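Down below is the structure, laid out as structure tokens.
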Amino acid sequence: MKAVPRTPMRVVPKTPRAHPQNTDKPQRRETSEKARDPVNVFCRVRPLQSEADLTCLRVKNSTTICLNPQDQLLHHKQQNSGQREIQYIFKHVFQPDASQQDVYGSVAQPLVENLLRGRNSLLFTYGVTGSGKTYTMTGNLRHRGVMPRCLDVLFRTISDYQAKKFVFKPDKLNGFEILSEEDALLERQHEMNQRFAGAGRFAFRHKDSDPEIASQASVEPTPLLGLDEDNMYSVFVTYIEIYNNSVYDLLEDSGIQKTLQSKIIREDANRHMFVHGVTEVEVKTVEEALEVFQMGQKRKRMGHTVLNAESSRSHSVFNIRLVQAPTDSQGENVVQDKQNITVSQLSLVDLAGSERSSRTKNTGVRLREAGNINNSLMTLRTCLEYLRENQQAAASGMAPKKIPYRDSKITHMFKNYFDGEGQVSMIVCINPRVEDYDENMQVMKFAEMTQEVQIARATPIKPDLGLTPGRRKANKLFKIAVNNLNELGIPEAKDLEVDVGLVYSLGPDFPSYQMDSPEADFKIKELMHYLEQRIEKRKKLRSNLDLKCDSFRQMLMNLDRDNLQLRTELASLKAVYKQERERSAALEKKVRIHESSIDVLNNTLSKRDRQIEELTFKLDEQKNLLTQKEHEKEKQKKKFSSKLAVESDKNKRELELKLREQRAKLQERMRIKDEKLRLVSNILQSEDLPSLPRSQSSEDILNEKDRGTFTARTESSVPATRTDVYATPRHGVAAANIRHRRSRSAGDKWLEHRAANPVPLGTIMQPFLKNRKSVTKLTDMKELTNHGANKYCLVSQEADTDGDVETKLYKGNVIPTCGGGAQVVFNDVECLKQKSPVHSPTRKRPSNGTISALGGGPVPSTVTSNQDIASRCNLGIEGHSSKKSKI
């Protein structure tokens, strides 16, 4: 469908080109009749670099700042000490701890909103050198500045509504033209070839990208509202600098030529100033835009001065141009009409700082650069001052002054903002050090004067094509619905159509006019043109209405026929539906029954699983116990094998010792017999019999030797029989009464001799003495005879080699002696061993300590323990504990 000509919406239309002689006068009258806004001036205070630095200002509140000259008493004359502090009021004052987000939200975000609405905006930073202008505009790796945040918000807002690349193409005259889909495709292919070849201005985007600047796009801001969703958008950026009052394109593809060529400033058809031949790069993401900026930043002129290590030696201007145009009736392609394009621009200007040569100590090139910077800033101040005076003098009817815009490139470039339309904002950066007091005062005066300048409010023209609002989104939803129907297998979805055509409206009301004004002829011609547009639009709407009525009538007939057919189908489907519903109810009942049985089976299965787990756990425990017992068994086997070997060696040594003793005794007896034979031979051969003393007889000698040998053996080894234990020489041996016999009807009466603190028995077999009397000490014979006991039991407890307690019970009969005493004849020994059921690997084997039966204390050796038992037996048999030997 052919696009309808644009209907202007402005209250006062622009002057057509047919009357060039009246161009300046109507333009001035049109600008003067519009609403005006003052220049928005913000102040940002830089933090002090050192706590020892003195400050010359004080932030009073969010809009007021005070300069205090008292802090410079050491650097000024005495008459200045009486000055009072000076207050300056701004739209907003950012304190030293203010973040970059605070500055963007208050200053730059309204300008981005104007950019989306088709309005032009200008933002520039002003201040002395080293006051933080570049940091506020650009930022660093951790703190993004105003420019990266503006780009990020802009691309996130228009991300779903961007046109394909090269749909809009610059015409080199500060305007744009619309390319067809085929031409745009060729341009994209040409760009891709250049990128692969590494030539042209497209090669830098992946080669010179700086991660420090590219990482500034990592924060996700909130997209702005109020975007026209029926338009397509494209973003173009330019980056220029003004160095020594000459304009240079920082994005120029210089090729072999290393130095940049200066550009000229021209005026376009809409009386807007632009740099002729500047490079405009179309970007689709914030990363691409920052890469373009970084390439220009590497060409920007920077220098080192005494006051700033990285001082800007030129004014830099980064322009963000947003191109938008309406889509066609289907909301898919841009309307191929250049008159429907709306171009808005946001200019971000980083002005170089003013300097004093007496402080910077510049010479040569740096001194010339500083002079040009100061001259351009002075021209900017003069232009704004004259503009303010002209606006104040216009009310009184005085003749305006001529504003010297052309004296400086920076003022010439932005002449259309001050004389034309747009919104202007300025950030004044202040370094609060005492040394910058004079420069700060001049900056404050300039900022105070700038706030009084009034700028005409922009009223952009929006093209009205009579198309349905929201057509782009409606067409998108319609396509999604058709795709869903196709996936469901409905063939009628291909024949569906959506009508998002014209809106039935003749446009806005007629503009106001006066027939008696000097411009009556011009107004009549404008009204005639306006009426012709309305008549033409009415014809189109009428023909469109007739077509829609015919199609609607045909649609009603088709719907009536389809309705009759659908009713018959509905009746049959209801019967089928009823049958299916009954069948479904029966199936649901069966399903519920099966589900309940499944739940029961699942519960049973879960119980069985738990039982299996418990049994498995018990089986594992039993296996572990068996394994542990096997290990203990193997260990005991090894232990007893070693013990058996030790005991066999011990017995072998004892037998060898006994064998040697027996041989020695036999040899001694043979010697005695030889001696006797010799004596007998001597007696037989001699005439007189020799007289031997009684004490020196051979039998006494033999008995003494035998007793001496036995005594020595008793002291060195454990006695083997009762006769060896009680064969110690003494004065006399008690004679037992052989005829003594006790009556059996009285029963056995036991005397149990045990330790004072016995170890509790934990053995399976426990000793059982029915009629017993327990004693712990036997110091006299009467204690053995007075109890009337005929049985004696000696309890001995000691530790074996493995540390287990071994209890021995020596049992015997108590027999009276002829002398009135009693003796014990041992006839039985019981051994009870108590072992620990749990093996203790850390248990140490005792060396040779035992438990005494009488005293309960430890005895150092086995021989001592045996001697102790022999002593106790002597006490029980003979009635005394001391041994006596013959002399």
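One-based numbering along the sequence shown. Just so you know, these numbers come straight off a predicted model, no measurement behind them.
Shortest non-hydrogen contact noted between T157 and P223 is OG1-CA, 3.7 Å. Across all non-hydrogen atoms, the minimal contact from G422 to I455 is O-CG2, 3.1 Å. Nearest heavy-atom pair across T63 and V93 is C-CG2, 3.6 Å. Heavy atoms only, all atoms of each residue included: D249 and Y239 are closest at OD1-O, 3.4 Å. Shown here for L48 and P432, the closest heavy-atom pair between the two residues is CD2-CG, 3.6 Å. Minimum heavy-atom separation, I410 to V317: CD1-CG2, 4.3 Å.
For the pair D102 (side chain) and A98 (backbone), a donor-acceptor distance under 3.5 Å is absent. Under a 3.5 Å cut-off, the side chain of T411 and the backbone N or O of S408 do form a donor-acceptor pair. A donor-acceptor pair is defined here as one N or O able to donate and one able to accept, closer than 3.5 Å; no such pair exists between the side chain of Y126 and the backbone of M426. Between the side chain of D268 and the backbone N or O of N270 there is at least one donor-acceptor pair closer than 3.5 Å. Formation of a donor-acceptor pair under 3.5 Å by the D436 side chain with backbone atoms of E439 is not found in this model. The closest donor-acceptor contact from the side chain of E288 to the backbone of K284 lies under 3.5 Å.
Using a 4.0 Å cut-off between a side-chain N of Lys or Arg and a carboxylate O of Asp or Glu, K300 and E241 do not qualify as a salt bridge. With respect to D37 and R457, a salt bridge is recorded, a charged nitrogen being found less than 4.0 Å from a carboxylate O. Salt-bridge check for R144 with D152: passed, with a basic side-chain N closer than 4.0 Å to an acidic carboxylate O.
When side chains are defined from C-beta on, Y88 counts as touching L67, because their heavy atoms get closer than 4.5 Å. Side-chain atoms of S131 and R46, non-hydrogen and from C-beta on, never get closer than 4.5 Å to each other. The side-chain heavy atoms of Q324 and I341, taken from C-beta on, include no pair separated by under 4.5 Å. By the 4.5 Å heavy-atom criterion applied to side chains, N431 and V45 are not counted as neighbours. Between K91 and V41 the shortest side-chain heavy-atom distance does not fall below 4.5 Å. Two residues are said to be in side-chain contact when any heavy atoms from C-beta on lie closer than 4.5 Å; E452 and P38 fail this criterion. Looking at D253 and T279, their side chains never come closer than 4.5 Å, going by heavy atoms from C-beta outward. Between I320 and L115 the shortest side-chain heavy-atom distance falls below 4.5 Å.
Aromatic ring centres of H92 and F94 lie closer together than 6.0 Å. For an aromatic pair to be called close, the ring centres must be under 6.0 Å apart, and F414 with Y405 fails this.
Rounding to the nearest 0.5 Å gives a distance of 11.0 Å between CG of N68 and CD of Q87. The distance from atom CG of L387 to atom OG1 of T382, rounded to the nearest 0.5 Å, is 12.0 Å. In this structure, CG on L351 lies 10.0 Å from CD1 on I373, to the nearest 0.5 angstrom. Between D228 atom CG and Y161 atom OH the span is 10.0 Å, to the nearest 0.5 Å. The OH atom of Y233 sits 7.0 Å away from atom CG of L116, with the distance rounded to the nearest 0.5 Å. With rounding to the nearest 0.5 angstrom, the CG atom of D407 is 12.0 Å from the CG atom of L380.
Side-chain N/O atoms of Q101 and R149 include a donor and acceptor closer than 3.5 Å. At a cut-off of 3.5 Å, with distance as the only test, no side-chain donor of R433 or T55 sits close to an acceptor on the other residue. Donor-acceptor pairing under 3.5 Å is lacking for the side chains of R321 and N120. Looking at S347 and Q345, their side chains do bring a donor and an acceptor atom within 3.5 Å of each other. Residues E369 and Y243 bring a donor and an acceptor atom of their side chains to less than 3.5 Å of each other. In the model, N245 has no side-chain atom that pairs as donor or acceptor with a side-chain atom of N372 under 3.5 Å. Between the side chains of T238 and N319, at least one donor N or O sits under 3.5 Å from an acceptor N or O.
Ring-plane geometry between H143 and Y135 is classed as perpendicular, the angle between the planes exceeding 60 degrees on a 0 to 90 degree scale with a lower cut at 30.
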Residues V235, F155; criterion side chain to side chain contact (heavy atoms under 4.5 Å, CB included); working and verdict: CA-CA 9 Å; V235 179; F155 280 106; 3.9 Å; yes
R266/F274 under side chain to side chain contact (heavy atoms under 4.5 Å, CB included): CA gap, chis, key distance, verdict: CA-CA 6 Å; R266 298 181 62 180; F274 72 100; 4.0 Å; yes
Pair I242-M413, side chain to side chain contact (heavy atoms under 4.5 Å, CB included): steps then yes or no: CA-CA 10 Å; I242 301 174; M413 183 181 300; 4.1 Å; yes
Candidate pair L290 and M147, rule side chain to side chain contact (heavy atoms under 4.5 Å, CB included), full reasoning: CA-CA 9 Å; L290 291 175; M147 185 269 296; 4.2 Å; yes
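Heavy-atom neighbours of K263 NZ from other residues, nucleotides or ligands within 6.0 Å: above the threshold of 12.
The one candidate from N440, T125, V443 that meets the side-chain contact (heavy atoms from CB on, under 4.5 Å) condition with V428 is V443.
Annotation: ring pair (Phe, Tyr, Trp, His ring centres under 6.0 Å) contacts of H412 (sequence neighbours excluded): none.
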